[in-house]
Amino acid sequence: MKILLQNIDVPGIQNFEVYRRLGGYSAVEKALKTMVHSEVVKEVKDSGLRGRGGAGFPTGMKWFFIDHTTDKPKYMICNADEGEPGTFKDRYLMQHNPHLLVEGMILSSFAIESSTAYIYIRGELFSILHILEKAIGEAYANGFLGKNILGSGYSLDIYCHPGAGAYICGEETALIESLEGNRGNPRMKPPFPAVAGLYGCPTVVNNVETICNIPWIVNNSGAEFAKLGTDKSPGTKLISACGHIRYPGVYEIELGMPVNEFLYSNEYCGGIRDNHQLKAVIAGGSSVPVLPADLILRTPKGEPRLLSYESLSEGGFDSGTMLGSGGFIVMDETTCMVRQLLSYARFYYDESCGQCSPCREGTGWMEKILHRLENGRGRMKDIDLLASVAKNIEGNTICPLGDAAAWPVRSFIHHFRDEFEWHVNEPLACLNMHQVTV
Amino acid sequence: MNFQFSSESIELISKIIKRYPEGRQKSALIPVLHIAQAENHGWLTTEIMNQVAEMLQIQPIEVYEVATFYSMFSLKPVGKCIIEICMTGPCCLSGAEELLAYLESKLGIKAGETTPDGMITLKKVECLAACGGAPVIKNGFNYYENMNFKKADLLLEKCTHESFTSHSNPYHQSL
Ligand SMILES: Cc1cc2nc3c(=O)[nH]c(=O)nc-3n(C[C@H](O)[C@H](O)[C@H](O)COP(=O)(O)O)c2cc1C
Ligand code: SF4
Ligand code: FES
């Protein structure tokens, strides 16, 4: 069952005519001609759709929270900042099927009674911004955007807005700051964006993939969507798979598919490259805990692990993880876990906005200790020090980047402690291993 | 040295400002800085930032704050071409470190430096949302995926061509 990638390979699907011929924009016709905005919200609530940007918050509920008691304008924002390491699904969707996002944006904006919407897209993706602007232009030319759309009395403008290289701007309040022309410093919540977001007005921020589900839901009903996937994880999900697999790429799966099938079937990852062995997987983008081979394939109870919110989190922090953004990073037995972790520690240190001291100092400290360990200059007590620095960041920051930086560190040490100890015990062997030769 | 926006860019900027509500022209800051930087060979001077502040009717400090926060803006001169190599985890699983070492030895510079002839700047960047094609290099607004030494050689060769630059107005075309 495909919702998002159904027509992705159709030649010319980027063009309005082709998209329209395949039933595109029929959901806009249906909503604007036969529904009121609260009915669209209700369908999305009934669908059980959960945000695909990482946090998994129910989309219908988020829309329902929009403050309609004020006369202030409402804003719909699409989060196309895609920066979570291992995640490359939104870029793929926008590049190949831009009208799906435009159609989803029209429906989402209509649902929350917004007449101005922005697509905030990371600055590195200007080539995709052009594709989107072309699609938006076609939607205007065909009467699906602008004033009094389809004679319904509803008007909407959609604009693209580029970022400029800052992972933190994917966090929704940092994104709003950035869209206002400021540094991407996350805001304290509350107030939540639904009450005071862009320019102090009620605002919804949703991920690209989330929004691309809306046309299907409007066409087929929330109840039909809820029949797909599992009870707690309705629908399908894009998984972007990378690392040591035979077929890296973006796949749409019905939620609840066994990890084993996803990893080894030739329809998906095709197994580990060149007959190597599976060592570990980061299942939901670099911010979620890593799991070793046995725990990613089976839950602690010995049942098959499934690609769903609830199955991946089974086992809690010790032996579970999270679905996150669906960035599926696979590592084989040749991977040095200390070196791999160092790259993530450097990432979070670079990307911390620096507002809260536990995150600013802690990420720098973790990077430094890991660097020492990786270069054969670490001490045994560094390993526990590293874990305790991570623990001290958790829960003590304005935004979740602090936790996101801490979890990889804690989970890598938890599951692969012997490798960290080996780096301390065998400094020469470890230096030899890390020699990069051209 | 006096910087002046081209008349084309001025027109484009006034269109961009209209995308935001009355009085919220500061929202156009990032797009305007992208355009300014492209027109000044890839970097921003204080003079340019002051001009941008005046254009958007905000304080110069507000522009400096933003220009220093975002990694795509440079406050010092860069080469005609910037080779941006992704060094985040997934790219490292597929040979980014070897690729970086190769480029460094081939160009005779370290990451963060520019070749003495001013042709090429080598820059490390974080995940480009293209991990399925690791290792990934970005040059201008083009992505080069599944890179290897041979493909890197071809890219370097391209960079030596007179007309090939990383600094064209991002709104004009997607190259
Ligand atoms: C550090 C950080 C980075 C994030 N990056 C992204 C991102 O690139 N794309 C995205 O959609 N959500 C990202 N999020 C999640 C957003 O804050 C927000 O939850 C999401 O855009 C909401 O949309 P959804 O409900 O449709 O998932 C990030 C969160 C954090 C804390
Ligand atoms: S947790 Fe880190 S990134 Fe988030 S607001 Fe604090 S310093 Fe900034
Ligand atoms: S890690 Fe290099 S593109 Fe994602």
Side-chain angles (χ1 to χ4, degrees), chain A residues 73 82-88 90-92 116 118 122-131 157 159 161-167 169 178-185 199 240-244 248-250 282 286 327 329-331 335 339-341 343-344 346-347 350-351 353 436-438, chain B residues 16 19-21 23-34 56 58 62-63 65-73 84 87-94 96-102 104-106 125-134 138 140-143 146 149 170-171 173-175:
Chain A
E82 192 165 58
E84 174 80 4
T87 315
F88 48 99
D90 297 336
R91 170 173 165 264
Y92 181 76
T116 310
Y118 296 99
R122 59 181 296 180
E124 291 86 346
L125 296 182
F126 254 102
S127 60
I128 310 279
L129 182 144
H130 289 281
I131 292 173
D157 290 309
Y159 304 110
H161 180 101
Y167 166 66
C169 292
S178 181
L179 188 43
E180 291 182 0
N182 302 323
R183 301 166 66 108
N185 287 349
Y199 312 129
S240 58
C242 66
H244 297 148
V250 179
I282 301 175
S286 68
I329 308 167
V330 180
M331 290 159 267
T335 312
R339 196 174 184 85
Q340 181 68 187
L341 178 59
S343 99
Y344 297 120
R346 194 198 51 240
F347 174 81
D350 281 355
E351 302 296 342
C353 84
V436 175
T437 44
V438 173
Chain B
I16 291 176
R19 298 177 162 192
Y20 310 98
R24 300 292 185 174
Q25 72 283 354
K26 190 184 177 188
S27 280
L29 182 50
I30 288 179
V32 172
L33 286 176
H34 275 301
L56 297 179
I58 55 180
E62 298 178 84
V63 181
E65 271 180 3
V66 164
T68 51
F69 185 83
Y70 295 91
S71 66
M72 289 180 78
F73 297 131
E84 300 173 49
M87 294 304 293
T88 313
C91 275
C92 289
L93 292 176
S94 302
E97 286 151 331
E98 288 77 8
L99 184 62
L100 174 67
Y102 179 74
E104 285 182 334
S105 79
K106 181 116 194 192
V125 293
E126 299 292 357
C127 183
L128 290 164
C131 332
K138 173 176 171 283
F141 289 101
N142 291 322
Y143 277 24
N146 300 305
F149 296 170
Y171 281 94
Q173 77 257 43
S174 42
L175 280 172

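Counting heavy-atom pairs closer than 4.5 Å to chain B, the top-ranked of the candidates T87(A), I329(A), T335(A), L179(A) is L179(A). Of the listed residues S178(A), S240(A), A166(A), G83(A), the one with more heavy-atom pairs under 4.5 angstrom with chain B than any other is S178(A). Between chain B and the options G184(A), G163(A), G243(A), the largest number of non-hydrogen pairs under 4.5 Å is found for G184(A). Each of P73(A), A164(A), P248(A), C169(A) has some count of heavy-atom pairs under 4.5 Å with chain B, and the biggest count is that of A164(A). Between chain B and the options G123(A), G327(A), A241(A), the largest number of non-hydrogen pairs under 4.5 Å is found for G123(A). For chain B, the option among R346(A), E82(A), M331(A) with the highest count of heavy-atom pairs below 4.5 Å is R346(A). In terms of heavy-atom pairs under 4.5 angstrom with chain A, the leader among G133(B), A130(B), S94(B) is A130(B).
The contact between L128(B) and chain A is made by backbone and side chain atoms together, counting heavy-atom distances below 4.5 Å. Contact of K26(B) with chain A is made through backbone and side chain together, with heavy-atom distances under 4.5 Å. Within the 4.5 angstrom heavy-atom criterion, only side-chain atoms of E351(A), from C-beta onward, approach chain B. For R183(A), the parts lying under 4.5 angstrom from a heavy atom of chain B are both the backbone and the side chain. Within the 4.5 angstrom heavy-atom criterion, only side-chain atoms of L29(B), from C-beta onward, approach chain A. Using a 4.5 Å cut-off between heavy atoms, Y344(A) contacts chain B through its side chain alone, with no backbone atom that close. In this structure, chain A has a heavy atom under 4.5 Å from the side chain of Y143(B), while its backbone stays farther away. Heavy atoms of N182(A) lying under 4.5 Å from chain B belong to its backbone as well as its side chain. If you measure heavy-atom distances from A134(B) to chain A, you find no contacts under 4.5 Å at all. Proximity to chain B is limited to the backbone of V330(A), based on heavy atoms less than 4.5 angstrom apart.
Contact of the Y199(A) side chain with the E180(A) side chain is registered, since non-hydrogen atoms from C-beta on lie closer than 4.5 Å. A heavy-atom distance below 4.5 Å is not found between the side chains of F347(A) and M87(B). The shortest side-chain heavy-atom distance between K138(B) and V125(B) does not fall under the 4.5 Å cut-off. Counting heavy atoms from C-beta on, the side chains of N185(A) and F69(B) come closer than 4.5 Å.
Considering every non-hydrogen atom in both F149(B) and L99(B), the closest pair reads CE2-CA, 3.9 Å. Shown here for P31(B) and P162(A), the closest heavy-atom pair between the two residues is CG-CD, 3.9 Å. Heavy-atom minimum distance, G86(A) versus C127(B): N-SG, 4.0 Å.
Taking the centre of each ring, H130(A) and F141(B) stay at or above the 6.0 Å mark. Ring to ring, H34(B) and Y171(B) are not that close: their centroids are 6.0 angstrom or more apart.
Proximity of a side-chain donor or acceptor of T68(B) to a complementary backbone N or O of E65(B) within less than 3.5 Å is detected.
In this structure, Y159(A) and Y118(A) have tilted ring planes: the angle between them lies in the 30° to 60° band.
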